[in-house]
Amino acid sequence: MLYSEKVMDHFQHPRNVGKMDDADGIGEVGNAVCGDIMKMYIKVRDGIIVDVKFNTFGCGSAIATSSMATEMIKGKSIDEALALSNKAVVEALDGLPAHKIHCSVLAEEAVKAAVKDYYDKHGIAYDPEQFCSGDCACCHAHDVPADADQK
């Protein structure tokens with residue numbers, strides 16, 4: 001069987017689906033290669049994610065990883081949510097086919113994007129590198145020499 005029972009269950013019966021109009025943080029991420037788009041909403045009280053919802057446009061693995069990620073961060077602290085890795089999501093789903101691992105990366109990035117939005121909206125200081133997957137300009141701006149534009 002290509003997909004585990006847990007993947008099929010979270011795909012066919014996703015948890016925490018929907019939009020949250022009064023979200024404290026919203027993260028939207030996408031993968032241009034496969035076309036998957038995830039939008040994650042979080043409600044935070046006293047540093048704890050008390051509610052989380054998601055909308056995902058994508059394949060069954062994208063929906064399953066979104067669903068599992070919301071289950072894994074609900075009731076957890078912001079720090080615990082930021083520590084969520086795509087590997088932990090894959091393990092919680094009893095695995096994914098290798099060509100679908102990118103879906104779990106999107107789920108991790110959606111959680112981080114929602115937390116970053118929460119921090120931004122509430123003026124909470126943070127280290128930008130904790131939100132970067134390493135392939136974006138956001139955390140590499142400091143890598144460019146200050147006089148680079150003068151060359």
Side-chain angles (χ1 to χ4, degrees), residues 3-98 100-143:
Y3 295 103
S4 72
E5 285 183 33
K6 283 187 182 178
V7 170
M8 293 305 296
D9 181 42
H10 277 268
F11 166 60
Q12 293 171 334
H13 310 285
R15 283 64 150 182
N16 307 305
V17 176
K19 186 179 178 197
M20 189 183 297
D21 292 326
D22 59 346
D24 293 314
I26 301 170
E28 184 170 353
V29 297
N31 182 315
V33 175
C34 66
D36 293 336
I37 299 170
M38 291 183 188
K39 195 165 191 176
M40 189 97 38
Y41 306 84
I42 58 172
K43 173 68 70 182
V44 181
R45 291 289 167 265
D46 299 320
I48 303 296
I49 297 173
V50 294
D51 197 12
V52 58
K53 299 271 187 234
F54 80 92
N55 287 117
T56 293
F57 177 81
C59 67
S61 295
I63 292 166
T65 58
S66 299
S67 174
M68 180 57 81
T70 62
E71 288 285 280
M72 293 175 78
I73 67 168
K74 194 172 190 175
K76 300 285 199 264
S77 71
I78 291 285
D79 288 340
E80 288 174 299
L82 284 176
L84 179 71
S85 69
N86 73 295
K87 185 175 184 237
V89 174
V90 170
E91 287 174 0
L93 287 169
D94 293 336
L96 280 174
K100 292 296 183 178
I101 296 297
H102 68 273
C103 296
S104 64
V105 173
L106 275 181
E108 175 186 337
E109 289 175 350
V111 169
K112 287 182 176 176
V115 171
K116 182 181 181 302
D117 184 54
Y118 166 73
Y119 282 169
D120 288 342
K121 286 179 178 173
H122 293 84
I124 300 169
Y126 57 85
D127 177 359
E129 289 194 22
Q130 74 187 114
F131 295 99
C132 183
S133 60
D135 60 357
C136 62
C138 65
C139 51
H140 297 295
H142 64 275
D143 294 343

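Count residues from 1 along the sequence.
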Test side-chain hydrogen bond (donor to acceptor under 3.5 Å, both in side chains) applied to K6 - qualifying residues, sequence neighbours left out
none
Take T65 and M68 through the test side-chain contact (heavy atoms from CB on, under 4.5 Å) and record every step on the way to the result.
CA-CA 5 Å; T65 58; M68 180 57 81; 5.7 Å; no
Taking the side chain as every heavy atom from C-beta outward, state whether V7 and S4 have any atom pair closer than 4.5 Å.
yes
Which residues pass the side-chain contact (heavy atoms from CB on, under 4.5 Å) test with K74, not counting sequence neighbours?
N16, D51, V52
For the student: nearest non-hydrogen atoms of K53 and V17, plus distance:
CD-O, 3.8 Å
Taking atom types as modelled, find out whether K19 and Y41 have a side-chain donor-acceptor pair closer than 3.5 angstrom.
no
If I take atom NE2 from residue H102 and atom CG from residue L106, how far apart are they, to the nearest 0.5 angstrom?
6.5 Å
Interatomic distance, NZ@K76 vs CD@E71, rounded to 0.5 Å, equals 10.0 Å
Contacts of F57 meeting ring pair (Phe, Tyr, Trp, His ring centres under 6.0 Å) (sequence neighbours excluded), chain-then-number -> none
Looking at every non-hydrogen atom in both residues, tell me the closest pair between P14 and I63 and how far apart they are.
CB-CG2, 4.0 Å
R15 versus F54, closest heavy-atom pair with distance
O-CE2, 3.0 Å
With A62, which residues qualify under side-chain contact (heavy atoms from CB on, under 4.5 Å), at least two apart?
D36, M38, T56, C59, C103
All N/O donor-acceptor pairs, side-chain side in residues 86-98, below 3.5 Å, sequence neighbours left out:
residue	atom	partner	partner atom	Å
N86	ND2	S104	OG	3.2
K87	NZ	E91	OE2	3.4

Under the side-chain contact (heavy atoms from CB on, under 4.5 Å) criterion, do I37 and N55 qualify, and how do the steps go?
CA-CA 8 Å; I37 299 170; N55 287 117; over 6 Å; no
So how far is it from M40 CE to E109 CD, rounded to the nearest 0.5 Å?
11.0 Å
Presence of salt bridge, K112 and D117, under 4.0 angstrom:
no
Under the side-chain contact (heavy atoms from CB on, under 4.5 Å) criterion, do F11 and S61 qualify, and how do the steps go?
CA-CA 7 Å; F11 166 60; S61 295; over 6 Å; no
NZ of K116 to NZ of K121: how many Å apart, nearest 0.5 Å?
12.0 Å
For residues 21-28, dump all side-chain donor-acceptor pairs below 3.5 Å to protein atoms at least two apart in sequence or in another chain.
residue	atom	partner	partner atom	Å
D22	OD2	K43	NZ	3.3
D24	OD2	V44	N	2.7
D24	OD2	R45	NH1	3.4

Side chain E108, main chain V105, donor-acceptor under 3.5 Å
no
